[in-house]
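Data block below; observations after.
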Amino acid sequence: MDRRLKLLSVALLVVLAGCTGAGSGGGGGDAATGESMTLDAGSGAAEEAQASDGEDLAQIQNRQIIKTGRVRLSVDDFNSSRDAVESTAESYGGFVSDSNERVNRRGGSTYRSGELVVRVPSENFSAFISETKTLGQVENVETNSQDVTDQLVDIEARLENLRAQRDRLRDLYESANTTEDVLAVEERLTDVQTEIERLEAKQASLENRVALSTVRVSLSEEPPSPAQWYDVPVLQAFFDSVSGVFVALRAMVVALAYALPYIVVFGGLVTLLGGGVVVVGRAALNRLS
């Protein structure tokens with residue numbers, strides 16, 4: 001009975017407390033509380049969205065990209081343009097790793113062409129190409145990119161695994177008791193170390209290509225236009241003609257010198273054969289008569 005009275009007393013107190021809160025304007029308090037909760041939820045969503053955007057931006061910035069490009073330019077002077085490309089590369093923290101130069105001939109004139117391989121920090125890739133295009137008349141521009149982030153992550157994971165294997169194999173090597181065990185562990189340790197060195201070399205190569213972009217710059221002077229025959233000065237045409245006559249005469253003399261032995265040998269044979277035919281013919285005629 002006492003227990004029931006206690007429960008009824010507690011229930012009565014709860015009801016009275018609720019009525020008192022309602023009579024004292026608790027509805028306004030509930031509205032304020034609801035508004036506060038809405039603002040907090042909105043603020044939390046905004047912060048979460050900002051955090052997500054920040055993470056996405058960080059992931060994009062951390063992507064490992066290999067950038068390559070090619071620029072073809074027609075220039076007035078090959079040597080000065082080559083020097084300008086080298087100076088531009090140095091101004092952007094890069095350098096010329098390889099170069100070649102050719103002397104081309106057309107008619108009686110020559111013109112130069114060649115290519116420079118430039119390595120420039122990846123952050124200056126676009127700026128370098130933009131400035132290089134101002135050094136001559138642009139014939140062609142190509143840019144390419146290759147994302148190697150996944151390759152580098154995979155290589156690092158494999159290296160961690162192989163290094164752990166190497167450490168365990170070294171422990172086994174130290175604790176090996178028999179010659180067979182020592183040789184077996186040593187062989188496996190050698191294989192693991194070789195694979196580690198191969199992956200480290202590949203990792204270093206990829207990281208180098210990511211850090212330094214490669215741009216091939218091709219330079220070529222304008223090929224000289226062939227001169228028309230009517231554009232040649234009169235005196236030059238006369239002397240060229242005289243020179244041509246002497247060249248033709250010299251060629252005839254040389255040809256005669258080459259042919260003379262054949263003329264002598266074969267001419268003598270023809271003469272002998274002709275004489276023999278005449279003799280035989282005369283003898284036949286004498287017999288018939």
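Here the structure is a predicted model, which means the values were calculated and not measured.
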Nearest 0.5 Å, what's the [atom1]-[atom2] distance between [X] and [Y]?
X      : Y      : atom1 : atom2 : answer
Ser113 : Glu101 : OG    : CD    : 8.5 Å
Ile66  : Ser205 : CD1   : OG    : 7.5 Å
Gln146 : Thr68  : CD    : OG1   : 8.5 Å
Glu186 : Leu169 : CD    : CG    : 11.5 Å
Ile196 : Asp191 : CD1   : CG    : 11.0 Å

Could you walk me through whether Gln203 and Arg158 satisfy the side chain to side chain contact (heavy atoms under 4.5 Å, CB included) test, starting with their C-alpha distance in whole Å, then the side-chain angles of each, then the deciding distance to 0.1 Å, before giving a yes or no?
CA-CA 11 Å; Gln203 183 185 50; Arg158 293 170 64 184; over 6 Å; no
Close side-chain approach of [X] to [Y], heavy-atom, < 4.5 Å:
X      : Y      : value
Lys67  : Thr143 : no
Asn104 : Pro223 : no
Glu195 : Gln165 : no
Val75  : Arg82  : no
Glu180 : Leu183 : no
Arg170 : Asp167 : yes
Val71  : Leu135 : no
Asn208 : Leu212 : yes

Nearest heavy-atom neighbours spanning [X] and [Y]:
X      : Y      : result
Arg70  : Ser218 : NH1-OG, 3.8 Å
Gly114 : Phe78  : N-CE1, 3.4 Å
Val118 : Phe128 : CG1-CZ, 3.7 Å
Val182 : Ala176 : CG2-CB, 3.6 Å
Leu73  : Thr132 : CD1-O, 3.4 Å
Ser122 : Ser213 : CA-OG, 3.4 Å

Do the side chain of [X] and the main chain of [Y] share a donor and acceptor less than 3.5 angstrom apart?
X      : Y      : value
Ser91  : Thr88  : yes
Glu131 : Ile129 : no
Ser87  : Asp83  : yes

Single-linkage hydrophobic cluster [X]~[Y], side-chain heavy atoms < 4.5 angstrom:
X      : Y      : value
Leu159 : Val153 : no
Val117 : Val120 : no
Phe125 : Ile65  : no
Val85  : Tyr111 : no

Applying side chain to side chain contact (heavy atoms under 4.5 Å, CB included) to Asp150 and Arg63, what does each step give before you reach the verdict?
CA-CA 9 Å; Asp150 294 339; Arg63 303 302 293 180; 4.1 Å; yes
What do the steps show when you test Thr190 against Glu187 for side chain to side chain contact (heavy atoms under 4.5 Å, CB included), and what is the final call?
CA-CA 5 Å; Thr190 300; Glu187 181 179 0; 5.8 Å; no
Does a side chain donor of either Thr214 or Arg119 reach within less than 3.5 Å of an acceptor in the other side chain?
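Side-chain D/A pair, Thr214 to Arg119: present.
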Asn100 atom CG, neighbour heavy-atom count above 12 within 6.0 Å
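Enclosed.
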Check this for me, if you would: do Glu142 and Arg216 make a salt bridge, where the nitrogen-to-carboxylate-oxygen distance has to be below 4.0 angstrom?
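No salt bridge links Glu142 with Arg216.
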After noting the C-alpha distance and the side-chain angles of Lys133 and Val141, does the key distance pass the side chain to side chain contact (heavy atoms under 4.5 Å, CB included) rule?
CA-CA 9 Å; Lys133 291 192 295 184; Val141 177; 3.7 Å; yes
Once salt bridge (charged side-chain N to carboxylate O under 4.0 Å, His left out) is applied, do any residues pair with Arg163, and if so which ones, sequence neighbours excluded?
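Residues passing salt bridge (charged side-chain N to carboxylate O under 4.0 Å, His left out) with Arg163: Glu156, Glu200.
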